[in-house]
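The structure under discussion appears below in the form of structure tokens.
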Amino acid sequence: AQSVTQPDIHITVSEGASLELRCNYSYGATPYLFWYVQSPGQGLQLLLKYFSGDTLVQGIKGFEAEFKRSQSSFNLRKPSVHWSDAAEYFCAVAPWAGGFKTIFGAGTRLFVKA
Amino acid sequence: DAGVIQSPRHEVTEMGQEVTLRCKPISGHDYLFWYRQTMMRGLELLIYFNNNVPIDDSGMPEDRFSAKMPNASFSTLKIQPSEPRDSAVYFCASSSHSSGGEETQYFGPGTRLLVL
């Protein structure tokens with residue numbers, strides 16, 4: 001069965017420090033992969049997505065993610081975190097483009113300290 | 001574009017009452033999704049529509065839940081009768097299927113439902 005694991009429930013980083021959020025998936029083939037961000041009281045906003053091609057994908061707000069097939073991972077990174085990045089981040093997988101039957105991870109809440 | 005619009009933003013009701021959540025997708029989008037988010041279960045896909053037709057409702061928890069999409073610009077999710085365990089945030093999302101297949105789901109702000 002398809003599944004998405006985000007091992008870290010919450011992470012705290014200092015402003016200006018680098019960030020890596022982990023995501024592992026279980027799926028029979030290469031799925032379509034997404035990272036979403038959710039600010040308090042808001043809906044989910046797409047940060048980036050991977051369908052094929054270059055395994056390092058760039059997203060909005062300075063985020064990037066790298067797809068590693070051998071590790072079934074799709075980790076999200078940012079070189080320098082800003083206080084406004086504090087939010088909850090969701091990794092998601094879908095069997096094909098459009099997010100149909102998209103499965104979301106449990107989320108990782110990011111805290112940013114001054 | 002106004003984005004996906006959901007109403008109401010907050011709903012407090014008593015157990016046994018009927019609850020209707022509303023969604024207006026982005027104009028031109030042909031897919032509409034209903035999700036439920038809880039602390040315990042995270043984000044779950046309940047049902048999705050394509051061109052106003054329900055495609056997969058396997059995520060609908062039970063018969064108390066029903067969803068309709070009478071036209072391309074409006075969908076409802078109804079719970080009747082409501083129970084305290086239905087308390088959650090309900091999100092509507094829409095997307096447009098493009099030839100490239102790289103469509104993105106756009107989420108509404110959600111409806112926070114509390115059933116007492």
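Naming convention: chains lettered A, B, ... in sequence-line order (proteins, then strands); numbering from 1 in each chain.
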Would you say A:Ile103 and A:Trp35 are hydrophobically clustered, going by side-chain heavy atoms of ILVMFWY under 4.5 Å? yes
Applying side-chain contact (heavy atoms from CB on, under 4.5 Å) to A:Leu44 and B:Leu43, what does each step give before you reach the verdict? CA-CA 10 Å; A:Leu44 278 69; B:Leu43 198 63; 3.6 Å; yes
Residues of residues 5-22 of chain B near chain A, each having a heavy atom less than 4.5 Å away: B:Arg9
Show your reasoning for whether side-chain contact (heavy atoms from CB on, under 4.5 Å) applies to A:Tyr36 and B:Gln105. CA-CA 10 Å; A:Tyr36 286 85; B:Gln105 288 191 29; 3.7 Å; yes
Between the CZ atom in B:Arg41 and the CZ atom in A:Phe104, the distance rounded to the nearest 0.5 Å is 15.0 Å
Is the count of non-hydrogen atoms from other residues, nucleotides or ligands lying under 6.0 Å from A:Ile60 atom CD1 greater than 12? yes
With a 4.5 Å cut-off on side-chain heavy-atom distances among I, L, V, M, F, W and Y, is there a chain of contacts connecting A:Phe74 to A:Val93? yes
Does B:Arg112, at its CZ atom, have more than 12 non-hydrogen atoms belonging to other residues, nucleotides or ligands within less than 6.0 Å? no
With a 4.5 angstrom heavy-atom cut-off, could you sort out which part of A:Gln38 is near chain B: side chain, backbone, both or neither? side chain
Shared hydrophobic cluster for A:Val37 and A:Leu76 (ILVMFWY, side-chain gaps under 4.5 Å): yes
Heavy-atom count check: over 12 atoms from other residues, nucleotides or ligands less than 6.0 Å from B:Asn71 CG? yes
Hydrophobic cluster membership, with links at side-chain heavy-atom distances under 4.5 Å among I/L/V/M/F/W/Y: are A:Tyr32 and A:Leu46 in one? yes
Quick one: do B:Met69 and B:Tyr35 end up in the same hydrophobic cluster if we chain Ile, Leu, Val, Met, Phe, Trp and Tyr together by side-chain heavy atoms under 4.5 Å apart? no
Shortest non-hydrogen pair, B:Gln37 vs A:Phe90, comes out as NE2-CZ, 3.3 Å
Below 4.5 Å from any heavy atom of chain A, which atoms of B:Glu44 appear? Answer side chain, backbone, both or neither. neither
